[in-house]
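The next block holds one structure in the form of structure tokens; read it before the comments.
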Amino acid sequence: MYRRYSQGVDDITPRSQRRINRIKNIVILLLAAAVVALAVIALPGLRSRQGERSLYLQRMQSECDEAFRQTTTLSRNAGADSAAILARVRCCLYAMRTINTLAAQNGGQPLPDETLLTLQNTVDRYLSFLTTGMDTGEYQTNLQNGLGELQTQVRNLQ
């Protein structure tokens, strides 16, 4: 018969406003939980991308060092093993182009592809002069200088 008075004297907000406030609080709590969950999921992915990049750069540096080391063993008078050494240098350059392509697919290209193509063309010209018996001193110097510059570029990428 008599209605019981349920609101206190201090609480004068209407029921509809309290429901809206509760819904707002729940939505804010859910959004905060979603942000935390997203951060937990995304951080390992970001770390693995940094690990991939450092691995690509490390491998590229080792291939570049190997190619440079191989060119220092070339003889100026076109020795018998020069063709084999040039083949190893070409393999190193091909590996660097492949690593460069993989890095480009994963978000960034460490080196311009033209640099690597220019060096491969230098190796091909060197090999053609080597097989015809012509003087190769200029090509060896160009190849060593190009690989030296490439080493500097690769080391500066980190």
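The first residue of the sequence shown is numbered 1, and numbering continues consecutively from there. Hydrogens, waters and symmetry mates play no part in the numbers below; they use all other heavy atoms, side chains included.
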Problem set entry | Check against side chain to side chain contact (heavy atoms under 4.5 Å, CB included), Leu119 and Leu143 | CA-CA 7 Å; Leu119 284 171; Leu143 185 61; 4.3 Å; yes
Nearest-0.5 Å distance that lies between atom [atom1] in [X] and atom [atom2] in [Y]:
{"X": "Thr101", "Y": "Leu116", "atom1": "OG1", "atom2": "CG", "answer": "9.0 Å"}
{"X": "Ile26", "Y": "Arg22", "atom1": "CD1", "atom2": "CZ", "answer": "8.5 Å"}
{"X": "Arg19", "Y": "Asn21", "atom1": "CZ", "atom2": "CG", "answer": "12.5 Å"}
{"X": "Thr122", "Y": "Leu117", "atom1": "OG1", "atom2": "CG", "answer": "10.5 Å"}
{"X": "Gln151", "Y": "Arg69", "atom1": "CD", "atom2": "CZ", "answer": "11.5 Å"}
{"X": "Thr71", "Y": "Glu66", "atom1": "OG1", "atom2": "CD", "answer": "10.0 Å"}

Seminar exercise, completed: Hits for salt bridge (Lys or Arg N to Asp or Glu O under 4.0 Å) against Arg125, two or more places apart or cross-chain, chain-then-number order -> none
Problem set entry | Results of salt bridge (Lys or Arg N to Asp or Glu O under 4.0 Å) for Glu149 - residues two or more places apart only | none
Exercise. What are the two closest non-hydrogen atoms of Leu147 and Ala67, and how far apart are they?
Worked result: CD1-O, 3.7 Å
For this session: Please report the closest heavy-atom contact between Asn100 and Leu111, naming both atoms and the distance.
Result: ND2-O, 2.7 Å
For this session: Check the pair Arg155 / Asp65 against side chain to side chain contact (heavy atoms under 4.5 Å, CB included), numbers first and verdict last.
Result: CA-CA 10 Å; Arg155 286 197 176 113; Asp65 291 343; 3.2 Å; yes
Exercise. Among all residues two or more places apart in sequence or in another chain, which pass the side chain to side chain contact (heavy atoms under 4.5 Å, CB included) test with Ser62?
Worked result: Arg59
Please tabulate, for the side chains in residues 86-97, all donor-acceptor contacts under 3.5 angstrom to protein atoms that are two or more places apart in sequence or on a different chain.
residue: Arg88; atom: NH1; partner: Gln70; partner atom: OE1; Å: 2.8
residue: Arg90; atom: NE; partner: Asp124; partner atom: OD1; Å: 3.3
residue: Arg90; atom: NH2; partner: Asp124; partner atom: OD1; Å: 2.8
residue: Arg97; atom: NE; partner: Asp113; partner atom: OD1; Å: 3.3
residue: Arg97; atom: NH1; partner: Gln120; partner atom: OE1; Å: 3.2
residue: Arg97; atom: NH2; partner: Asp113; partner atom: OD2; Å: 3.3

Seminar exercise, completed: Residues joined to Ile23 in its hydrophobic cluster, side chain to side chain under 4.5 Å directly or through other members, sorted by chain and number, are Val27, Leu31
For this session: Provide the full list of ring-ring contact (aromatic ring centres under 6.0 Å, His included) pairs with a residue in residues 134-153, sequence neighbours left out, each pair given once.
Result: Phe129-Tyr139
